[in-house]
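Down below is the structure, laid out as structure tokens.
Values below: every heavy atom of this structure, side chains too, minus hydrogens, waters and symmetry copies. Numbering starts at 1 and runs along the sequence shown.
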Amino acid sequence: MKVRGRVTSLTRGDVFHGPRRTPGGMRDAVTPDDRFETLETDVDGYVGRITLSRPRAMNTFSTQLAQDLDDALRAFDDVSDVRAVVVDGAGDAFSAGIDLSEHENFESEEEYETWVSRMEEPFLTITRMETPVIAAAHGHAAANGIGLVAACDLAVAAEDTMFGATAPKVGLFCMGPAVPLLAALPRKRALELLLTGDLIDAETAHDWGLLNRVTPAGEHVEEALDLAETIATKSPTAIGMGKQAVYEMAGMDYATALAHSNEAFAALCTTDDAHEGISAFLDGESLSASEWPAK
């Protein structure tokens, strides 16, 4: 096991200097005294970690957890020294979906739309971040939990994890999770999950393409952190620009995507990372994590 670096707690005020955004407008400005109520965060070297922390509720997405998660993701993306982020869950589950006890708080269709939009906002934020995000799942990842796994750039899970788009069992449908699931899986695989509501095991999720790696029970976080550290040794500018280009190109036709890739690659060629990385390579060397130019 690796000996990791100093761990520091992250608060919203550490990196936020403006208002938090929602699909419908703006939230209140974040102050340095604000702290995450439903998450634990820390930083080891170049890797940030977000732990969903509503263990008694199986880390279900309350409105507060959804807001905290979105804020934490944005926060880490604003920290130049954080080059990858791992999201895991405390207790017995990664996340069992949306906290259905909040359902009775609303009546109108507009109220429900505002509610669910907040739940799904982290899915969109991940695609807009330069920083890669890795899910580390265990126990159960159901409904919004499987949506979060699918939305993350990479995903690791313990071998005893169960995955499902289980909302039809309670008279709902995993509309929001369907979006990242359809992006991550072949359509018929995604629809099998969405229409049946059945659970699949980690090996099946890996075979279908939902997961990058499966680990023995209890080793999922360590594996995700190792994967994050591997990413962190590479050019942060190249990773950030490359990730953004990949998500942009995903919605384009073939020719447009190639043209966009050429434009993005040309922009990357002008960066300090490219000049210094190529120079080191031609000299028969490679840059370490600490030698890349600061972002």
Side-chain angles (χ1 to χ4, degrees), residues 2-8 10 14-17 41-50 72-88 122-136 150-156 180 183-184 209 211-213 221-252 256-295:
K2 295 181 180 179
V3 178
R4 303 189 186 277
R6 181 174 59 90
V7 176
T8 59
L10 177 73
D14 289 333
V15 293
F16 276 109
H17 304 288
T41 60
D42 60 59
V43 179
D44 273 335
Y46 295 106
V47 177
R49 181 175 171 184
I50 299 171
L73 289 166
R74 292 176 187 272
F76 276 127
D77 202 37
D78 284 344
V79 178
S80 60
D81 284 343
V82 172
R83 300 180 184 175
V85 175
V86 170
V87 180
D88 66 293
F123 297 173
L124 183 59
T125 293
I126 289 169
T127 69
R128 292 177 171 174
M129 294 169 60
E130 291 187 5
T131 311
V133 182
I134 304 168
C152 286
D153 304 305
L154 302 175
V156 174
L211 301 175
N212 297 90
R213 299 179 184 178
V221 173
E222 187 70 20
E223 183 73 14
L225 290 170
D226 286 346
L227 187 56
E229 288 176 348
T230 299
I231 294 170
T233 63
K234 309 307 189 296
S235 160
T237 298
I239 294 295
M241 292 177 67
K243 176 186 164 177
Q244 289 188 319
V246 165
Y247 279 101
E248 291 164 356
M249 292 185 294
M252 298 176 181
T256 303
L258 280 175
H260 185 75
S261 75
N262 294 338
E263 180 181 349
F265 187 78
L268 181 57
C269 285
T270 68
T271 65
D272 291 340
D273 280 41
H275 287 296
E276 296 192 22
I278 292 170
S279 178
F281 174 78
L282 293 176
D283 288 340
E285 302 173 354
S286 60
L287 298 182
S288 67
S290 62
E291 291 176 321
W292 289 106
K295 288 197 293 184

>> If you count every heavy atom of other residues, nucleotides or ligands that lies below 6.0 Å from F265 atom CZ, does the total exceed 12?
In response: no

>> To the nearest 0.5 Å, what is the distance between OG1 on T233 and CD on E291?
In response: 11.5 Å

> Any side-chain heavy atom of P132 within less than 4.5 Å of one from L154?
Replying inline: no

> Is the backbone N or O of L227 less than 3.5 Å from a side-chain atom of R213, with the two atoms forming a donor-acceptor pair by type?
Replying inline: no

> Would you call R49 and D44 a side-chain contact if the rule is heavy atoms closer than 4.5 Å?
Replying inline: no

> When rounded to the nearest 0.5 angstrom, what is the spacing between CG in L73 and CZ in F123?
Replying inline: 11.0 Å

>> Please report the interatomic distance CE(M241) to CD(Q244), rounded to the nearest 0.5 Å.
In response: 8.5 Å

> Is there a side-chain contact between T237 and D272, using heavy atoms and a 4.5 Å cut-off?
Replying inline: no

>> If we ignore hydrogens and angles and just use 3.5 Å, is the side chain of S279 paired with the main-chain N or O of E276 as donor and acceptor?
In response: no

>> Would the distance check show the side chain of D77 and the main-chain N or O of E130 forming a donor-acceptor pair, the cut-off being under 3.5 Å?
In response: yes

> Judged by atom type as modelled, is there a donor-acceptor pair below 3.5 Å linking the side chain of T230 to the main-chain atoms of D226?
Replying inline: yes

>> So which atom in V86 and which in A136 form the shortest heavy-atom distance, rounded to 0.1 Å?
In response: CG1-CB, 4.1 Å

> Once you round to the nearest 0.5 Å, how far does CH2 of W292 lie from CG of L287?
Replying inline: 4.5 Å

>> So, taking the atom named CD1 in I231 and the one named OH in Y46, what distance separates them when rounded to the nearest 0.5 Å?
In response: 15.5 Å

> How far does CD1 of I278 sit from SG of C269, to the nearest 0.5 angstrom?
Replying inline: 6.0 Å

> What heavy-atom pair brings P236 and P293 nearest, and what distance separates the two atoms?
Replying inline: CG-O, 4.4 Å

>> According to salt bridge (charged side-chain N to carboxylate O under 4.0 Å, His left out), who are the partners of K234, at least two apart in sequence or on a separate chain?
In response: none

> Quick one: are C152 and I134 in side-chain contact, heavy atoms under 4.5 Å?
Replying inline: no

>> If you define the side chain from C-beta out and look only at heavy atoms, does anything of T131 sit under 4.5 Å from F76?
In response: no

>> If you compare all heavy atoms of S261 against all heavy atoms of L258, which two are closest, and at what distance to 0.1 Å?
In response: OG-O, 2.6 Å

> Quick one: salt bridge (charged side-chain N to carboxylate O under 4.0 Å, His left out) partners of D153, sequence neighbours excluded?
Replying inline: K243

